[in-house]
Number of protein chains: 4
Amino acid sequence: MSLAWFQSDNVGGISAELWQAMAAADSGEMAPYGADHLTASLEARFSEVFEKECIVAPVTTGVAAKALALSLVTAPFEAAVAHAKAHIVTSEDGAFEFFTQGGRLITLGGEQGKITASDLAACLLKIDSRREGALRVRALTLTQATEYGTVYSVDQIRALGEVAKRHGLRMHVDGARLANAVASLGCRPADVTWRAGVDLVSFGATKNGAAMADAIIIFDRALASDLDRRRRRCGQSISKMRYIAAQLHAYLQDDLWLRQASTANATARRLAQGLSALPGMGIVYPVEANMVFVRLGDAAQASLAKSGIELRLSRHRDGNVYRLVTSLTTTEAMIDELLDRCGAALAARRPD
Amino acid sequence: MSLAWFQSDNVGGISAELWQAMAAADSGEMAPYGADHLTASLEARFSEVFEKECIVAPVTTGVAAKALALSLVTAPFEAAVAHAKAHIVTSEDGAFEFFTQGGRLITLGGEQGKITASDLAACLLKIDSRREGALRVRALTLTQATEYGTVYSVDQIRALGEVAKRHGLRMHVDGARLANAVASLGCRPADVTWRAGVDLVSFGATKNGAAMADAIIIFDRALASDLDRRRRRCGQSISKMRYIAAQLHAYLQDDLWLRQASTANATARRLAQGLSALPGMGIVYPVEANMVFVRLGDAAQASLAKSGIELRLSRHRDGNVYRLVTSLTTTEAMIDELLDRCGAALAARRPD
Amino acid sequence: MSLAWFQSDNVGGISAELWQAMAAADSGEMAPYGADHLTASLEARFSEVFEKECIVAPVTTGVAAKALALSLVTAPFEAAVAHAKAHIVTSEDGAFEFFTQGGRLITLGGEQGKITASDLAACLLKIDSRREGALRVRALTLTQATEYGTVYSVDQIRALGEVAKRHGLRMHVDGARLANAVASLGCRPADVTWRAGVDLVSFGATKNGAAMADAIIIFDRALASDLDRRRRRCGQSISKMRYIAAQLHAYLQDDLWLRQASTANATARRLAQGLSALPGMGIVYPVEANMVFVRLGDAAQASLAKSGIELRLSRHRDGNVYRLVTSLTTTEAMIDELLDRCGAALAARRPD
Amino acid sequence: MSLAWFQSDNVGGISAELWQAMAAADSGEMAPYGADHLTASLEARFSEVFEKECIVAPVTTGVAAKALALSLVTAPFEAAVAHAKAHIVTSEDGAFEFFTQGGRLITLGGEQGKITASDLAACLLKIDSRREGALRVRALTLTQATEYGTVYSVDQIRALGEVAKRHGLRMHVDGARLANAVASLGCRPADVTWRAGVDLVSFGATKNGAAMADAIIIFDRALASDLDRRRRRCGQSISKMRYIAAQLHAYLQDDLWLRQASTANATARRLAQGLSALPGMGIVYPVEANMVFVRLGDAAQASLAKSGIELRLSRHRDGNVYRLVTSLTTTEAMIDELLDRCGAALAARRPD
């Protein structure tokens with residue numbers, strides 16, 4: 001077992017079910033650029049899963065899904081609110097600004113990677129009270145599950161949705177790990193999306209067993225009027241769309257997406273429980289999805305390093321915090337092996 | 001055999017060799033976002049094939065490859081020259097303008113979808129002579145093979161390269177069908193690219209047996225200084241890059257790309273010969289790659305339609321011109337069947 | 001009299017009436033950024049002159065007026081039609097592309113710098129017939145008077161307006177020399193603007209006696225919803241707006257704008273008549289406004305040059321064509337002196 | 001005396017000296033678009049005043065000066081650091097994002113509207129330590145005098161300049177009130193600009209007696225390579241440039257700019273001293289330039305309101321803070337009258 005497995009949920013391969021779906025889609029000719037029957041039936045499939053008619057636009061990366069979605073609701077001279085530690089703020093080299101052509105991200109802090117409804121309300125009130133020249137705020141983007149492996153509850157999203165609506169904001173969910181969040185909450189997908197006020201979702205499958213298969217889900221048809229033009233000009237009109245559509249169909253079939261996410265969530269919890277029992281280790285955030293953030297004392301870190309266990313520092317670098325990610329390919333055996341190795345390494349140093 | 005097979009070179013599936021390469025890449029964990037060993041060795045592979053050290057950036061669509069490549073050499077207040085019928089001009093909803101953030105396309109006509117060196121020189125001289133305020137021209141983009149299924153000769157590209165160099169332009173090749181062009185010319189890939197003055201290529205594999213696998217090839221390292229940042233912000237930083245890299249490796253292995261393209265070129269020629277022998281049909285452009293443009297008289301068109309043969313109008317709509325495209329999945333039997341059906345349909349009307 | 005007087009209509013100073021208006025506006029404090037009473041009454045004044053309620057946004061340059069106006073009706077992934085020789089195409093370093101953030105200019109030729117209704121219709125039909133990916137065309141921009149000193153008739157504009165409306169285009173008039181056009185036609189301002197289907201005008205005063213005073217006039221309130229935000233962010237929210245407003249009031253007072261333009265038009269006609277009587281000189285375009293384009297034979301050119309008369313080549317460089325511009329500061333005496341000098345120069349060479 | 005006089009430094013008219021300069025520039029013809037002799041000699045004049053050869057680009061507004069200057073040093077996928085309360089952040093509807101075409105503002109807090117060198121260093125270190133995807137920071141923009149009427153000392157700017165240089169940032173000064181700052185410090189203009197590490201200044205004259213006359217000053221010629229193209233396309237190529245150039249010449253003549261600013265600074269100090277002696281009034285920031293921020297208790301506020309004294313709330317709305325601005329047109333008599341009225345109003349309420 002290599003530590004690299006815990007680096008990201010993108011290190012694993014493609015689910016068997018998705019492979020089969022792609023292989024099945026590989027026979028004969030199909031019309032390109034999404035004019036095939038697999039793509040044609042995607043919207044019906046998503047509408048069923050989300051219990052609401054929706055528009056679905058498959059794209060090849062989560063960044064494209066997110067930034068393109070936000071560009072539908074944020075004009076170049078408008079702003080969107082995001083958490084200060086959101087991926088869109090810290091790690092995408094300005095994809096939001098590029099796709100919106102000059103929109104601005106207004107950032108809020110918030111414990112555990114979450115924006116609170118009261119912070120949002122306070123921020124918007126302050127901006128509304130400004131004189132001319134303050135950028136109009138038009139969108140709120142939430143990451144669900146968050147970058148810290150926590151999950152907004154249904155109530156939290158609903159409360160945010162109410163504030164958003166009151167101020168004329170559209171609500172977007174960066175759902176690169178939406179499966180993990182829904183599986184964690186045990187709710188229906190609708191409960192944390194449109195029923196709670198969400199207008200658009202960037203729906204990720206890539207971190208959960210797919211290859212280059214994400215999608216924008218739009219619950220309000222009015223937002224999609226220029227979607228096709230925008231997709232083409234940003235290079236997301238995909239000729240062999242059938243392979244993405246096939247994956248997404250398989251992904252949604254028989255709740256595969258939620259089952260895979262549950263597995264990853266479970267191994268993350270197992271990992272967190274094991275680590276928290278070790279000396280010098282502290283779990284930083286509630287482990288509600290498939291990520292564990294652990295703080296290591298200096299001695300523990302040294303011991304691990306001496307044993308060749310080099311964990312990956314959290315991107316946000318608040319002290320000695322390390323991020324471990326599980327995925328559908330993570331097994332209990334891998335967790336236990338890692339815990340054993342950590343335990344042994346830490347025990348070895350005790351004599352000191 | 002369905003006529004849909006001739007609609008586009010994107011209607012077919014994935015080459016067996018590329019499937020196997022993806023399957024082989026599917027084992028175990030690999031670092032995401034191109035930090036895997038398959039991606040790491042891509043540049044060496046391309047450098048070998050192109051006989052020159054180059055930078056390679058895989059992306060998921062040809063539009064992204066092209067527009068991102070051109071944004072490396074065209075500032076927002078600069079212009080690029082393209083053929084008036086180039087895909088980038090007619091069919092991408094402003095991808096060039098989006099990626100360059102406001103660059104301008106200056107279009108030239110030219111027989112058979114080709115820009116001539118003398119037209120380019122005349123255009124640039126005219127612009128150079130203008131007073132202040134004329135956009136600075138910084139790039140030339142050629143489509144090779146062209147949108148009309150013709151191929152620039154090595155000499156033609158070299159001549160264009162000389163004009164480009166003289167006026168300070170960078171030369172880009174839209175190589176969505178570069179394989180067909182190289183196979184058609186029987187030259188080395190280098191002969192129609194950097195040796196002829198080409199600075200960047202958007203190298204397409206998707207129309208020739210791959211799934212979502214194109215790449216930007218950059219022959220001058222200086223042009224790539226901001227490439228990584230630009231890729232991330234346009235949503236082309238791909239987490240499961242291994243599957244694209246694996247395809248590209250297989251694509252280049254043992255000249256597979258050229259062999260597949262030769263097959264497509266050959267069936268296109270067979271199709272053109274067969275059609276030209278039929279009454280009321282005229283082949284419009286030299287068939288040098290994998291596309292046949294045929295002009296139908298009204299009577300011929302009616303006869304075909306009566307027999308259920310609905311050909312696809314050429315995008316550029318110059319009269320009754322239809323486009324038929326072959327690909328690696330087109331067989332001689334399919335060609336012959338189509339010719340037989342057309343022949344029968346046209347014969348049926350003779351008595352009139 | 002210096003030849004520089006004929007170089008541009010921008011070489012002269014500020015009208016006496018406008019100076020006085022500025023001086024009158026200079027007393028006491030006034031609220032900045034257009035919250036003063038002079039700016040407040042501008043819309044009423046323009047509405048009166050144009051016989052229709054309109055929104056007026058003063059800006060400091062014609063380029064800003066034009067590009068900002070067009071950005072109100074052309075999204076970043078849309079296009080506007082312009083004459084190939086229009087200033088916006090040839091001389092503004094991509095202001096249109098900058099303000100629209102990636103819009104595209106589709107250019108048409110046309111005699112005398114004018115687009116014809118039939119050419120426009122043909123162009124739009126062709127684009128409409130294209131498959132997906134062709135940029136949506138949303139605006140038509142006309143220059144009135146044109147860059148060649150010709151003037152669209154009321155009927156010509158009306159015909160263009162009908163085609164525009166039929167295809168869903170908004171019609172914009174670049175009115176840097178609108179005064180000259182209206183004075184030349186002897187019509188009411190409304191006749192060549194909203195009554196003929198024009199939605200927006202960039203109204204120039206700067207070439208006709210003002211200093212940094214142009215304005216966008218919008219006849220359809222719906223187009224102005226984001227105007228204030230857009231003005232601020234493009235740097236056209238002017239703190240000392242009173243001085244522009246004062247000029248515009250004086251400019252419209254008692255038809256000053258039209259009287260000044262008439263003067264300029266008259267001296268241009270006198271110049272054209274005089275020149276056309278000289279040997280080796282040909283007037284190229286109908287002299288309908290304040291510009292004269294004259295083609296010189298090589299011998300005539302040499303003779304003038306020998307006498308120190310260096311005319312200014314037309315920007316568009318079609319052969320030996322020179323542009324002479326008159327303005328409100330051009331006097332008949334200046335015209336006559338120029339004609340005398342030219343006549344003498346050309347006579348001097350006769351003996352050869 | 002109207003309270004409106006204290007609303008902004010833009011409420012007053014044009015200095016007598018500047019009027020005379022404009023009037024003098026109004027005779028005869030001059031080449032347009034800055035090709036006149038007044039503009040030609042501007043760079044020499046500024047180079048003298050700033051004791052260093054510099055490039056000077058006059059524009060018509062401070063927003064244009066600032067955003068255009070920053071676009072020279074911040075690519076669309078880069079970021080600039082600004083104070084969270086800087087005008088560019090709070091009040092320009094995204095001019096920075098528009099001119100940079102998608103750049104990002106990273107904001108820092110800081111007492112009295114000032115960024116500290118240590119905060120800047122900490123911010124940059126944190127960003128540098130991030131993994132891929134964090135926007136590259138390329139510029140620092142300071143407002144001098146600040147939005148709170150405070151002034152960076154020479155040492156403070158120098159310290160910021162050192163941090164900026166160390167991290168590869170260019171330093172820009174928003175000098176809408178640079179005159180007030182230099183007059184306040186009693187230093188040479190060079191001391192708070194290039195000698196302290198400043199690369200570009202947006203130099204404001206409009207708030208200090210000019211009409212539509214600001215300028216970008218560039219101390220490093222390499223930054224100006226595309227300046228002319230960028231000016232034209234953003235609508236800041238001014239045909240009657242002579243009137244701006246004339247004003248700027250007069251503005252710099254015999255230190256007029258500093259003398260006028262000193263007057264404004266002095267009346268501001270007088271106002272602050274007077275107000276601070278009144279009951280229920282607290283001066284919030286050190287009064288180092290021409291702005292006074294005063295906090296009113298509720299009772300004081302009510303008393304003033306009852307007497308018809310409606311002060312203008314500070315844009316940043318931190319509690320009951322009001323902003324009063326003086327300018328060259330503010331007289332001591334006006335100050336004393338205001339103080340008397342306030343004193344009377346507050347005395348009147350005492351009995352309560």
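Quantities reported herein were computed from a predicted structural model and do not represent experimental measurements. Reminder, nothing fancy here: chain letters follow the sequence lines and each chain counts from 1.
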- Which region of B:Thr60, side chain (C-beta onward) or backbone (N, CA, C, O), has a non-hydrogen atom less than 4.5 Å from a non-hydrogen atom of chain A, or is it both or neither? side chain
- Query: Are side-chain N/O atoms of A:Thr143 and A:Glu147 paired as donor and acceptor at under 3.5 Å?
  - Reply: yes
- Would you please classify the geometry between the B:Phe99 ring and the A:Phe98 ring as parallel, tilted or perpendicular, with 30° and 60° separating the classes? perpendicular
- Identify, with sequence neighbours excluded, every residue that meets ring-ring contact (aromatic ring centres under 6.0 Å, His included) alongside B:Tyr243. none
- Given that the side chain runs from C-beta out, which part of A:Ala65 has a heavy atom under 4.5 Å from chain B: side chain, backbone, both or neither? neither
- Comparing B:Gln101, B:Arg242, B:Arg230, B:Met22 against chain A, the one with the most heavy-atom pairs below 4.5 Å turns out to be B:Arg242
- Side chain, backbone, both or neither: which part of B:Ala4 has an atom under 4.5 Å from a heavy atom of chain A? both
- Note on the structure: Most heavy-atom pairs under 4.5 Å with chain B, out of A:Thr206, A:Asp93, A:Ile238, A:Ile244, belong to A:Asp93
- Pairwise distance OG(A:Ser202) to CG(A:Leu68) - rounded to 0.5 angstrom: 9.5 Å
- If you count heavy-atom pairs under 4.5 Å between each of B:Ala23, B:Ala67, B:Gly28 and chain A, which one has the most? B:Gly28
- Message: Would you say that B:Leu178 contacts B:Asn208 through its side chain, given a criterion of any heavy-atom pair below 4.5 Å between the two side chains?
- Response: no
- Task: Measure the acute angle between the ring planes of B:Tyr251 and B:Trp257, then classify it against the limits of 30° and 60° as parallel, tilted or perpendicular.
- Result: tilted
- Item | Engaged part of B:Ala35 at the chain A interface, taking heavy atoms whose separation is under 4.5 Å | neither
- Item | Atom of B:Gln236, atom of B:Thr61 and distance for their closest heavy-atom approach | NE2-OG1, 4.5 Å
- Answer key: most heavy-atom pairs under 4.5 Å with chain A among B:Ala211, B:Ala95, B:Ala210 is B:Ala95
- Query: Got B:His172 and B:Asp174 here, is their nearest side-chain heavy-atom distance under 4.5 Å?
  - Reply: yes
- What residue, out of A:Arg231, A:Glu92, A:Lys207, has the most heavy-atom pairs lying under 4.5 Å from chain B? A:Glu92
- Interface moiety of B:Ser237 toward chain A, non-hydrogen atoms closer than 4.5 Å: backbone
- Can you check whether B:Ala82's main-chain N or O pairs, donor with acceptor, with B:Thr107's side chain at less than 3.5 Å? no
- Message: So for B:Tyr33, is it side chain, backbone, both, or neither that comes closer than 4.5 Å to the heavy atoms of chain A?
- Response: side chain
- Top residue by heavy-atom pair count (under 4.5 Å) with chain A, among B:Pro32, B:Ser8, B:Ala31, B:Ala64? B:Pro32
- Query: Pick from B:Lys240, B:Glu29, B:Arg232: which one has the most heavy-atom pairs with chain A under 4.5 Å?
  - Reply: B:Glu29
